[in-house]
Every structure is written in C-alpha cells, then in structure tokens.
Q: 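Here you go, one structure.
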Amino acid sequence: MKRSPPYSLDELADASGIEARTIRSWITEGLLPPALGGGRAAFYGQEHMDRLLFVVRLREQTGGRLPLAMTKDILERLYSLFRVTPFGA
C-alpha cells in the first residue's frame, strides 16, 4: 500500500519508485526542493511527490535524454508562467 505524506526520504523513494540517491541528486541539482526540517526530522510533503513525479514524466517523454539543466529550466518557466513561487525562492 502506498504511504501518504509526510514522507521520509526512504518512504518518498518507495512511494515514487525513484531511488533515494536519485532524489538526493535532483535536490542538489535544484530540480526538487530540499526536505522540510532537517537531520532525522527531515520530511517531504505532497508537493515534493508531485514535483518528483512531474520530473520523472518529463524525462520519460524525452526518452531520458533531456539534460537536468534543461529540465530545471522548463520547471522554472512553468512556475513563471503560472506565477507560482518555486521552491527555494
């Protein structure tokens, strides 16, 4: 059964099917926001899951060939288009 938020990193990875190391990498690259809280109390919410799944779908649509920098640019443009404040801003 899928777990609902809040998620630990491992729970987010299990629920999304994306490896924890990939999630960490995408956070470092700015594709995903950092965890809320910190240390052992760090957690991820539904917004993290939604953005994670959007990035996965976007990369699937391009056969995984879309560079991470371009993926980030697309996300920023979408946030700008809909006048939504991106994570970390």
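In what follows, residues are counted from 1 in the order of the sequence shown. Scope of the values below: all heavy atoms of this structure, side chains included, with no hydrogens, waters or symmetry mates.
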Q: Is there side-chain contact between V55 and I18, with at least one heavy-atom pair below 4.5 Å?
A: no
Q: Search all heavy atoms of A15 against all heavy atoms of Y7 and return the closest pair with its distance.
A: CB-CE2, 3.9 Å
Q: According to side-chain contact (heavy atoms from CB on, under 4.5 Å), who are the partners of L53, at least two apart in sequence or on a separate chain?
A: S16, M49
Q: Going by side-chain contact (heavy atoms from CB on, under 4.5 Å), name the residues that satisfy it together with P6, two or more places apart in sequence or in a different chain.
A: F43
Q: Considering residues at least two apart in sequence or located in another chain, which fulfil the side-chain contact (heavy atoms from CB on, under 4.5 Å) criterion with D10?
A: S8, A20
Q: Please answer: with hydrophobic residues joined when any side-chain heavy atoms are less than 4.5 Å apart, are I27 and L36 in the same cluster?
A: no
Q: Looking at CG of L78 and CG of L58, how far apart are the two atoms once the value is rounded to the nearest 0.5 Å?
A: 8.5 Å
Q: Do you know the tightest heavy-atom contact between Y44 and P34?
A: CE2-C, 4.4 Å
Q: Under the side chain to side chain donor-acceptor pair (under 3.5 Å) rule, collect the residues that match up with R65, sequence neighbours excluded.
A: none
Q: Run the numbers on L66 and I74 for side chain to side chain contact (heavy atoms under 4.5 Å, CB included), then give the verdict.
A: CA-CA 10 Å; L66 188 64; I74 290 169; 3.9 Å; yes
Q: How long is the straight-line distance from CG of L32 back to CG of L52, given to the nearest 0.5 Å?
A: 5.5 Å
Q: Under the rule for side-chain contact (heavy atoms from CB on, under 4.5 Å), what residues qualify as partners of Q61, not counting sequence neighbours?
A: R57
Q: Measuring from atom CG of L12 to atom CD of Q46, what distance do you get when rounded to the nearest 0.5 angstrom?
A: 9.5 Å
Q: Please report the interatomic distance CG(L9) to CG(D14), rounded to the nearest 0.5 Å.
A: 9.5 Å
Q: Indicate yes or no: at least one non-hydrogen side-chain atom of F54 is less than 4.5 angstrom from one of L75.
A: yes
Q: Test: side chain to side chain donor-acceptor pair (under 3.5 Å). Region: residues 17-35. Which pairs qualify, not counting sequence neighbours?
A: E19-R21
